[in-house]
Colleague: 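Once you've had a glance at the structure underneath, I'll fire off some questions.
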Amino acid sequence: MQARHVAGADLEALLDPAGRPWRGVRSERLALVGTPAGMQPSAAIRVAWTGKRIGAVDRVAVSSLHNGEVLAFRLEWQDATEDRALIDTNSFPDAAAVALPAAPEAPLVTMGAPGAAVNAWYWRADEDGRGRHVVAEGLGTSRTLDLERVRGRGVWKEGRWRVVVARPLRVATSEPVVQLEPGKTTRFAVAVWDGRSGERAGIKAFSAGWRELRLEPVARAGR
């Protein structure tokens, strides 16, 4: 997949799922699978979800843009209910994330490994407008670095979520996060949580393998 370069599009324009920069951008449809209950880090979660369906959302459409400074992903999926709040112990906010490898050898299925982190850009419906900048180096190791660098915005309409998550291509940090550059290639994966189905933390649907993403080069002035 290619992240198309859109010159002059500011962050607010990129964060609007129906905004002008996204018009005419082709999406790639990804199949999602549920995370195996046996791989959950908590014994209580493994027991509670044994035999239950994990992964209520089975497909997501993904497209991507960058303006030379910020990379944005737009995710679209079917969801009969708009869940924006924690209502009780069985219903949670809808959520989505894009994961990128901070090291070439980072494994997706275990959310990284020691010394080979996965960097996730996470949006949750009850925190709309901001996002969580997350790293993980193995099952049960996810930690939020900050709430400023990643931005997310979601619109639910007629049984469908359209969500944009975005982050600057490069960030100044000593943490193991992905650093990006126009003209270069990275990989990505997507995860979706259906709050009405009780999905949260490691209980989610995800695209089971890394997908290649090439950031289109920034066009030179006058071309």
Side-chain angles (χ1 to χ4, degrees), residues 1-11 13-15 17 19 21-33 59-77 96-123 131-138 142 145-146 149-152 163-192 204-221 223:
M1 193 173 84
Q2 179 166 269
R4 196 176 78 186
H5 174 238
V6 285
D10 63 16
L11 177 59
L14 292 177
L15 286 172
W22 295 102
R23 296 176 188 173
V25 177
R26 295 184 61 180
S27 297
E28 182 173 324
R29 294 174 64 83
L30 302 184
L32 305 180
V33 297
R59 195 165 298 273
V60 62
V62 186
S63 49
S64 185
L65 297 173
H66 76 90
N67 63 4
E69 297 180 353
V70 172
L71 174 64
F73 292 87
R74 184 177 65 177
L75 314 177
E76 302 183 47
W77 69 92
V98 176
L100 303 100
E105 69 276 16
L108 174 61
V109 69
T110 57
M111 282 297 289
V118 166
N119 183 200
W121 305 356
Y122 175 75
W123 165 90
R132 299 187 185 190
H133 198 206
V134 175
V135 295
E137 295 183 85
S142 295
L145 301 180
D146 62 76
R149 290 187 173 98
V150 174
R151 296 285 303 279
V163 173
V164 174
V165 290
R167 197 209 75 177
L169 299 181
R170 303 190 67 82
V171 295
T173 178
S174 60
E175 295 285 358
V177 303
V178 66
Q179 303 287 359
L180 302 165
E181 183 179 343
K184 302 295 185 179
T185 298
T186 185
R187 294 177 295 163
F188 77 97
V190 174
V192 176
K204 61 185 184 292
F206 75 110
S207 53
W210 291 118
R211 310 286 292 196
E212 186 173 279
L213 178 73
R214 180 176 183 269
L215 279 67
E216 185 179 39
V218 174
R220 295 180 182 176
R223 293 186 60 185

Colleague: For the pair Leu169 and Leu215, evaluate side-chain contact (heavy atoms from CB on, under 4.5 Å) and give the outcome as yes or no after the intermediate values.
Modeller: CA-CA 10 Å; Leu169 299 181; Leu215 279 67; 3.7 Å; yes
Colleague: To the nearest 0.5 Å, what is the distance between CZ on Arg149 and CG on Asn119?
Modeller: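 Answer for the CZ-CG pair, Arg149 versus Asn119, is 10.0 Å.
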Colleague: I need the minimum non-hydrogen distance between Val118 and Pro107, along with the two atoms involved.
Modeller: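 Closest approach of Val118 to Pro107, heavy atoms only: CG2-O, 3.8 Å.
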Colleague: Check the angle between the aromatic planes of Trp77 and Trp123 and answer parallel, tilted or perpendicular using the 30° and 60° thresholds.
Modeller: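 Trp77 vs Trp123 ring planes: perpendicular.
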Colleague: Could you tell me the separation between the OG atom of Ser142 and the CD atom of Glu137, rounded to the nearest 0.5 Å?
Modeller: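 These two atoms lie 10.5 Å from each other.
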Colleague: Identify the two heavy atoms, one from Ala103 and one from Ala116, that lie closest to each other, and give their separation to 0.1 Å.
Modeller: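 Taking Ala103 first and Ala116 second, the nearest heavy atoms are CB-CA, 3.9 Å.
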Colleague: Can a donor-acceptor pair be found, under 3.5 Å and without considering hydrogens, that links the side chain of Gln2 to the backbone of Arg214?
Modeller: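 Looks like no, no N/O pair under 3.5 Å.
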Colleague: Do Val178 and Phe188 have side chains that get closer than 4.5 Å, going by heavy atoms?
Modeller: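 Contact flag for Val178/Phe188 side chains = no.
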Colleague: Applying side-chain contact (heavy atoms from CB on, under 4.5 Å) between Leu71 and each of Leu14, Leu65, Leu180, report the one that passes.
Modeller: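 The residue from Leu14, Leu65, Leu180 that satisfies side-chain contact (heavy atoms from CB on, under 4.5 Å) with Leu71 turns out to be Leu180.
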Colleague: Looking at Trp22 and Ser63, would you say the former's side chain and the latter's main chain have a donor-acceptor pair under 3.5 Å?
Modeller: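 Answer holds: no.
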Colleague: Return the minimal non-hydrogen interatomic distance between Ala106 and Pro101, and the atom names on each side.
Modeller: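 That would be CB-CB, 4.0 Å.
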Colleague: Determine whether Val60 and Ser207 make a side-chain contact, defined as any pair of heavy atoms from C-beta on separated by less than 4.5 Å.
Modeller: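 Heavy-atom side-chain distance check fails, nothing below 4.5 Å.
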Colleague: State, with a plain yes or no, whether a side-chain heavy atom of Phe73 is found less than 4.5 Å away from one of Val190.
Modeller: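 Not in contact.
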Colleague: Verify the neighbour count for atom CZ of Arg23: are there more than 12 heavy atoms of other residues, nucleotides or ligands below 6.0 Å?
Modeller: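 Yes, CZ of Arg23 has more than 12 neighbouring heavy atoms, counting only those of other groups under 6.0 Å.
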Colleague: Nearest 0.5 Å, what's the CZ-OG1 distance between Arg211 and Thr186?
Modeller: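 So the CZ of Arg211 and the OG1 of Thr186 are separated by 14.0 Å.
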Colleague: Any side-chain heavy atom of Asp10 sitting closer than 4.5 Å to one from Asn67?
Modeller: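 No; the side chains remain at least 4.5 Å from each other.
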Colleague: Has the side chain of Arg132 got a donor or acceptor atom that lies under 3.5 Å from a matching backbone atom of Ala120?
Modeller: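 Not confirmed, Arg132 side chain does not pair with Ala120 backbone.
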Colleague: Scan residues 62-75 for pairs that pass salt bridge (charged side-chain N to carboxylate O under 4.0 Å, His left out), counting only residues two or more places apart or in two chains.
Modeller: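 Non-adjacent pairs meeting salt bridge (charged side-chain N to carboxylate O under 4.0 Å, His left out): Arg74-Glu76.
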Colleague: Looking at CZ of Arg151 and CG of Leu15, how far apart are the two atoms once the value is rounded to the nearest 0.5 Å?
Modeller: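 Between atom CZ of Arg151 and atom CG of Leu15 there are 5.5 Å.
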Colleague: Ignoring hydrogens, what is the shortest heavy-atom contact between Ala72 and Val164? Give both atom names and the distance.
Modeller: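 So the two residues come closest at CB-CG1, 4.1 Å.
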Colleague: Could you check whether the rings of His66 and His5 sit parallel, tilted or perpendicular, using 30° and 60° as the cut-offs?
Modeller: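 Because their plane-to-plane angle lies in the 30° to 60° range, the rings of His66 and His5 count as tilted.
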Colleague: Do you know the tightest heavy-atom contact between Gly24 and Arg4?
Modeller: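 Nearest pair, atom of Gly24 first, then Arg4: O-NH1, 4.4 Å.
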Colleague: If you take all heavy atoms of Ala61 and Ser27, which pair is closest and at what distance?
Modeller: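 The pair with the smallest heavy-atom distance is CB-CB, 4.0 Å.
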Colleague: Please identify which of these residues, Leu213, Val98, Leu75, meets the side-chain contact (heavy atoms from CB on, under 4.5 Å) condition with Val62.
Modeller: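 Passing option: Leu75.
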